[in-house]
Novice: 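First the structure, which I've put down as C-alpha cells, then a few questions once you've had a look.
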Amino acid sequence: FEPTELVLGGTVRLVGYRIEQHGSGYDLSIAWSPTQDDAHFTLSCHLIGFDGASYGQHDRILDSVNLNPGDIQITRFRLEMRPGALPGLYSLQVGVYGEGITPDRQQMLTVEKGLQFTAPFTQRKMNKRFTKEISLIGVDWDQSIPGRLRLYLHWFARKSSSSLQFDIVSGNTVVASSQIPALEASAYQTTVHNIPPGQTKLRIERGIDRPTRVSIPDSHINERYVPFGDGIVFLGPASTSRYPNEIVLEFAASHTVLRDYVTSAWLIDEDSQIKLAQNDGIPALGSIPTLKWIAGSRVQDPKYFDFPLEQVSGKITGALVIYDAFTQETLPMLDERLAEQAPWAPIGEWEISN
C-alpha cells in the first residue's frame with residue numbers, strides 16, 4: 001500500500017491505498033480508520049476529468065460499528081471510465097457523505113488514461129474516411145430512456161492526427177458538437193452525444209469550413225447500446241413477448257473478458273417497487289460464461305421467470321444487474337444518465353391486466 005493521510009468529514013481517516021489496472025478499469029483498495037464510534041457513512045470514489053466532470057464512480061456504504069478508533073479496515077472499489085473519456089490525467093478523488101455528516105471530497109492521487117488500441121464493439125461496422133488520418137468505423141444508438149437519444153461514434157486513426165473539432169448536423173441545424181483528441185496511428189476513440197428526439201438524416205461535418213461530410217444511419221426502433229465495465233455491452237432484449245415469463249437478453253464484448261460474471265434479471269412492480277421475480281445465472285443458461293468471451297462475441301442469454309401472472313396487475317419493469325461471480329461486486333454501468341435513475345439497466349416494460 002502507498003501511505004496517505006486524508007481525514008474526510010471528520011468521520012474517516014484514509015491511511016493508505018493500492019491501485020491496479022485491470023483491462024479497462026482500476027481496482028482500488030483503500031485502508032481507512034474511523035475517527036468516531038458507530039458511524040454510518042458512504043465512501044465515494046470518483047475519476048474527475050480536466051473539465052470537472054466525473055468519468056467513473058463507485059460508492060460503498062460502510063460503518064464503524066465493530067471498529068474502534070485506530071483500527072484499520074480495507075475496502076475495495078472498482079472504477080471504470082465511461083466511453084467518451086479522453087486520454088490524459090484524471091484526478092482520483094475520495095469523498096464521504098451520509099446522515100449528519102458534512103460532505104467532503106479530496107484528491108488522493110492522479111491516474112493517466114492512455115490511448116485505446118483495441119476496437120470497441122459496434123453494431124454498425126463501417127469504414128468511412130472523414131479526414132486523411134481519421135475514419136468513422138462504427139455507429140451505435142441507445143434508446144433506453146424514452147425521448148432521450150444517445151449516439152456513440154467510434155473513430156480510428158490510420159495515421160497520427162491532431163485534435164479535430166466536428167459538428168453533428170440535421171438540415172441546417174447543428175444538434176451537437178464535439179472533438180476527436182490527438183491520436184497516434186492505430187488508436188481508437190469513441191465520442192458520445194445526446195441527440196434531441198425527432199432528428200433524422202444526421203451527418204457529421206468538420207468545424208466551420210466543413211469540407212467533408214459523413215452521413216449517420218438512423219436509429220432502429222428500440223435500439224439499445226448500454227456499456228458496462230470490462231468491455232461488456234448490453235444490447236437489450238433480443239426478443240419480446242406480451243408477458244415477461246421469458247426474456248432473451250443479448251450481450252456483446254469489446255475485448256476478451258477475464259472475469260466470471262453473473263447476469264441478474266429482475267421483474268419489479270412499478271407501483272410498489274417490489275421485486276416480483278429474479279433470475280441470476282451464468283450467461284446462456286451456463287453454457288457461455290464470460291470467461292469464454294472474446295472481442296466481438298455476441299451472446300444471447302435466456303431468462304425464465306415463474307410467478308403467478310394472475311396475481312399481478314399494472315406495469316412491470318425489467319431490470320438488469322451484472323456482478324462478479326467470485327466477489328459479488330456489481331459491474332459498473334457506464335451510462336451516467338441511467339446510473340442517476342437507478343442502480344440497474346432497464347430491460348423493458350410490460351402492462352399486465354387481469
Side-chain angles (χ1 to χ4, degrees), residues 1-20 22 25-49 51-82 85 90-111 228-229 264 266 268 270 272-275 278 317 319-324 326-346:
F1 277 66
E2 295 291 333
T4 189
E5 183 62 38
L6 292 177
V7 178
L8 301 175
T11 302
V12 59
R13 182 169 63 95
L14 310 186
V15 297
Y17 67 87
R18 182 178 66 212
I19 187 167
E20 299 174 305
H22 286 287
Y26 299 91
D27 287 335
L28 173 67
S29 296
I30 296 178
W32 58 273
S33 181
T35 60
Q36 53 186 270
D37 297 332
D38 299 334
H40 296 263
F41 56 91
T42 297
L43 208 57
S44 179
C45 295
H46 295 257
L47 289 169
I48 306 297
D51 56 357
S54 178
Y55 286 88
Q57 179 178 351
H58 189 183
D59 293 12
R60 298 291 294 268
I61 300 173
L62 304 171
D63 65 60
S64 61
V65 172
N66 297 316
L67 300 174
N68 298 313
D71 289 348
I72 293 176
Q73 179 81 30
I74 295 175
T75 301
R76 182 173 173 271
F77 296 83
R78 176 74 178 272
L79 288 166
E80 296 260 4
M81 287 193 182
R82 70 176 193 251
Y90 287 77
S91 171
L92 198 161
Q93 300 180 9
V94 182
V96 66
Y97 63 91
E99 186 176 355
I101 298 173
T102 301
D104 185 14
R105 192 168 78 185
Q106 300 180 38
Q107 176 174 302
M108 190 166 66
L109 69 150
T110 59
V111 297
F228 280 80
S264 177
W266 311 343
I268 301 171
E270 190 165 289
S272 64
Q273 291 299 299
I274 294 175
K275 189 186 298 183
Q278 181 173 344
T317 297
L320 169 70
V321 171
I322 304 175
Y323 62 87
D324 190 300
F326 178 68
T327 66
Q328 306 293 298
E329 291 182 350
T330 300
L331 190 63
M333 180 172 55
L334 305 182
D335 183 331
E336 76 286 356
R337 307 168 308 151
L338 297 176
E340 289 172 358
Q341 293 186 350
W344 38 259

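Model, not experiment: these values are computed from the prediction. Scope of the values below: all heavy atoms of this structure, side chains included, with no hydrogens, waters or symmetry mates.
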Novice: Work out which heavy atom in M333 is nearest to a heavy atom in A342; give both atom names and the distance.
Specialist: CE-O, 3.8 Å

Novice: Any Lys/Arg nitrogen of E329 or R60 sitting under 4.0 Å from an Asp/Glu carboxylate oxygen of the other?
Specialist: yes

Novice: Mark yes or no for whether R82, through its side chain, and S54, through its backbone, hold a donor-acceptor pair below 3.5 Å.
Specialist: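 Indeed, once roles are kept as given, a pair shorter than 3.5 Å links the two residues.
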
Novice: Going by side-chain hydrogen bond (donor to acceptor under 3.5 Å, both in side chains), name the residues that satisfy it together with S64, two or more places apart in sequence or in a different chain.
Specialist: none

Novice: Test of understanding: with ring-ring contact (aromatic ring centres under 6.0 Å, His included), list the residues that count as partners of Y55, not counting sequence neighbours.
Specialist: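 Only Y90 meet the ring-ring contact (aromatic ring centres under 6.0 Å, His included) criterion with Y55.
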
Novice: Counting only heavy atoms not in Q273 (residues, nucleotides, ligands), do more than 12 fall under 6.0 Å from its CD?
Specialist: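 More than 12 within 6.0 Å, yes.
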
Novice: About how many Å separate CG of N68 and CG of N66, when rounded to the nearest 0.5 Å?
Specialist: 9.5 Å

Novice: Run the ring-ring contact (aromatic ring centres under 6.0 Å, His included) test against H58 and tell me which residues pass, sequence neighbours left out.
Specialist: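 F77.
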
Novice: Taking the side chain as every heavy atom from C-beta outward, state whether L28 and R18 have any atom pair closer than 4.5 Å.
Specialist: no

Novice: Applying ring-ring contact (aromatic ring centres under 6.0 Å, His included), can you list everything that pairs with F41, at least two apart in sequence or on another chain?
Specialist: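 ring-ring contact (aromatic ring centres under 6.0 Å, His included) check on F41 returns W32.
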
Novice: When rounded to the nearest 0.5 angstrom, what distance separates OG1 in T110 from CG in L47?
Specialist: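 Reported to 0.5 Å precision, the distance equals 11.0 Å.
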
Novice: Is there a side-chain contact (heavy atoms from CB on, under 4.5 Å) between L331 and R78? Walk through the geometry before answering.
Specialist: CA-CA 8 Å; L331 190 63; R78 176 74 178 272; 4.2 Å; yes

Novice: So, taking the atom named CD in E80 and the one named CD in Q57, what distance separates them when rounded to the nearest 0.5 Å?
Specialist: 14.0 Å

Novice: Is any side-chain heavy atom of P343 less than 4.5 Å from a side-chain heavy atom of V321?
Specialist: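 Heavy-atom side-chain distance check fails, nothing below 4.5 Å.
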
Novice: Please report the shortest heavy-atom distance between L338 and P346, naming the atom on each side.
Specialist: CD2-CD, 4.0 Å

Novice: Tell me which donor-acceptor pairs under 3.5 Å the side chains of residues 3-14 have, and how far apart each pair is, sequence neighbours excluded?
Specialist:
from	atom 1	to	atom 2	distance (Å)
E5	OE1	R13	NH1	3.4
T11	OG1	G9	O	3.1

Novice: In residues 91-98, what donor-acceptor pairs under 3.5 Å come from side-chain atoms, sequence neighbours left out?
Specialist:
from	atom 1	to	atom 2	distance (Å)
S91	OG	Q93	NE2	3.1
S91	OG	Q107	OE1	2.7
Q93	OE1	R105	NE	3.0
Y97	OH	D59	OD2	2.7

Novice: Any side-chain heavy atom of Q73 within less than 4.5 Å of one from L62?
Specialist: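 No, too far: nothing below the 4.5 Å cut-off.
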
Novice: Within this structure, what is the OG1-CZ distance for the pair T327 and R76, rounded to the nearest 0.5 Å?
Specialist: 5.5 Å

Novice: So, for P34 and L67, which heavy atoms are closest and what is the spacing to 0.1 Å?
Specialist: CG-CB, 3.9 Å

Novice: Quick check: are there more than 12 heavy atoms from other residues, nucleotides or ligands sitting under 6.0 Å from CG of D38?
Specialist: yes

Novice: F1 and G16: which non-hydrogen atoms are nearest, and at how many Å?
Specialist: CD2-C, 3.8 Å

Novice: Can you tell me how far CG of L334 sits from CE of M81, rounded to the nearest 0.5 angstrom?
Specialist: 11.0 Å

Novice: Between atom OG of S264 and atom CD1 of I322, what is the distance when rounded to the nearest 0.5 Å?
Specialist: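 Nearest 0.5 Å value for the OG-CD1 distance: 10.0 Å.
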
